[in-house]
Participant: 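Following this message is one structure expressed as structure tokens.
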Amino acid sequence: MTSSTTIPHELIQVLRTAQAVTVLTGAGVSAESGLPTFRDAMTGLWSAYRPEDLATPAAFQRQPRLVWEWYAWRRSLAAQSHPNPAHHALVAMEQHVPAFMLVTQNVDNLHQRAGSRNVIELHGNLERVTCSVEHVVIEQWDAQTGVPPACPRCGSFLRPDVVWFGETLPALAFEQAIAATTHCDLFFSIGTSGVVEPAASLPRLAAQAGAAVVILNLDVTPYQRDGIFHLHGPAGTLLPDLVRRTWPDV
Ligand code: OAD
């Protein structure tokens with residue numbers, strides 16, 4: 001196991017020659033854009049709530065207004081923030097690698113705004129809204145119909161198009177994520193605590209399929225084993241450094 005706060009030379013060689021790279025990202029990648037990670041204590045108005053208590057179908061049934069407003073707050077935070085150097089470094093990586101796939105648990109749309117093209121959204125996207133009953137994406141609705149607003153098709157509550165605790169992941173997105181994980185020669189897990197399944201098992205799957213694996217996090221994460229590069233530090237510093245040293249033209 002390599003554990004380091006700087007980029008190992010061996011990793012630069014592996015990345016430079018990789019034909020297929022898959023990257024899994026979590027809330028840590030957006031931390032330097034000013035968005036609180038999922039397990040950070042919420043501040044201000046929302047400090048009395050744990051995300052785990054608000055991001056469930058049961059919470060939405062019990063208190064639909066509260067859940068809708070919490071997501072409206074998160075949506076406005078995301079809209080006011082900007083992609084950071086970690087997001088931009090992943091765009092540059094995509095441009096240099098023949099086959100690149102970004103699998104994200106983030107719902108803030110910052111990878112897409114930075115310019116990443118091949119993005120699999122495992123947990124949905126805050127910017128989309130669906131009908132809570134028919135699950136179709138709704139583009140336009142009348143905000144005057146209430147909080148949450150009513151679906152213009154059937155009158156049910158609208159909800160954010162994100163995956164809540166206890167819900168299954170979008171099947172196609174998950175299948176694509178597994179395929180990209182088991183068909184890459186280099187796999188990165190970046191800024192994710194690695195505690196939420198099934199995304200947490202992707203690094204192990206990648207290693208079993210023969211890929212080199214990099215875990216990049218501020219903290220030590222649960223997935224520690226031989227043959228893994230562990231990089232400790234902020235993604236917004238380490239990723240641009242890695243990209244610059246791998247492809248000095250960037
Ligand atoms: P977490 O909040 O669980 O973990 C964020 C991770 O990022 C932590 O391990 C931090 O140490 C690390 N981190 C923080 N700042 C960082 C930085 N600047 N650079 C690198 N790492 C940093 O968020 P996720 O792992 O994304 O699911 O959580 C996964 C899922 O659990 C979320 O999508 C959400 C949540 O429950 C659902 O809503 C279904």
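Indexing begins at 1, ligand by ligand and atom by atom, following the structure's order.
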Participant: Below 30° counts as parallel, above 60° as perpendicular, anything between as tilted: where do the rings of W68 and W141 land?
Facilitator: perpendicular
Participant: I need the atoms of ligand 1 closer than 4.0 Å to a non-hydrogen atom of G191, numbered in the order shown.
Facilitator: 5 (C), 6 (C), 7 (O), 21 (N)
Participant: Salt bridge check: are E121 and R128 linked by an N-O gap of less than 4.0 Å?
Facilitator: yes
Participant: Which of the numbered atoms in ligand 1 are below 4.0 angstrom from a heavy atom of V163?
Facilitator: 37 (C), 38 (O), 39 (C)
Participant: Given the ring of W247, does R244 sit roughly above its face, with NZ or CZ under 6.0 Å from the centre of the six-membered ring and within 45° of the axis?
Facilitator: no
Participant: Report the member of T37, N217, L169 with the shortest heavy-atom distance to atom 10 (C) of ligand 1.
Facilitator: N217
Participant: Going by side-chain contact (heavy atoms from CB on, under 4.5 Å), name the residues that satisfy it together with E127, two or more places apart in sequence or in a different chain.
Facilitator: N109, N125
Participant: Distance under 4.0 Å to a non-hydrogen atom of A27: what atoms of ligand 1 satisfy this?
Facilitator: 23 (O), 24 (P), 26 (O)
Participant: Assess whether a salt bridge exists between E134 and R153, defined as any Lys/Arg side-chain N lying under 4.0 Å from an Asp/Glu carboxylate O.
Facilitator: yes
Participant: What are the atoms of ligand 1, with element, lying closer than 4.0 Å to any heavy atom of E32?
Facilitator: 17 (C), 18 (N), 19 (N)
Participant: Give yes if a backbone or side-chain nitrogen or oxygen of N106 is under 3.5 Å from a nitrogen or oxygen of ligand 1, and no if not.
Facilitator: no
Participant: Validate the cation-pi geometry between R159 and W164: distance from NZ or CZ to the six-membered ring centre under 6.0 Å, angle to the ring axis within 45°.
Facilitator: yes
Participant: Would you say H123 and ligand 1 have an N/O pair spaced under 3.5 Å apart?
Facilitator: yes
Participant: With a cut-off of 4.0 Å, which atoms of ligand 1 are near a heavy atom of F165?
Facilitator: 35 (C), 36 (O)
Participant: Could you establish whether G233 and ligand 1 come within less than 4.0 Å of each other, counting only heavy atoms on the residue side?
Facilitator: yes
Participant: At a 4.0 Å threshold, what atoms of ligand 1 neighbour a non-hydrogen atom of Q105?
Facilitator: 29 (C), 30 (C), 33 (O)
Participant: Is there any ring-ring contact (aromatic ring centres under 6.0 Å, His included) pair reaching into residues 109-129, and which pairs are they, with sequence neighbours excluded?
Facilitator: H87-H111
Participant: Could you pull out the closest heavy-atom pair between V103 and A177, with the gap in Å?
Facilitator: CG1-CB, 3.8 Å
Participant: Any N or O of G26 that comes nearer than 3.5 Å to an N or O of ligand 1?
Facilitator: no
Participant: Report, in ascending order of atom number, the atoms of ligand 1 lying under 4.0 Å from any heavy atom of A31.
Facilitator: 15 (N)
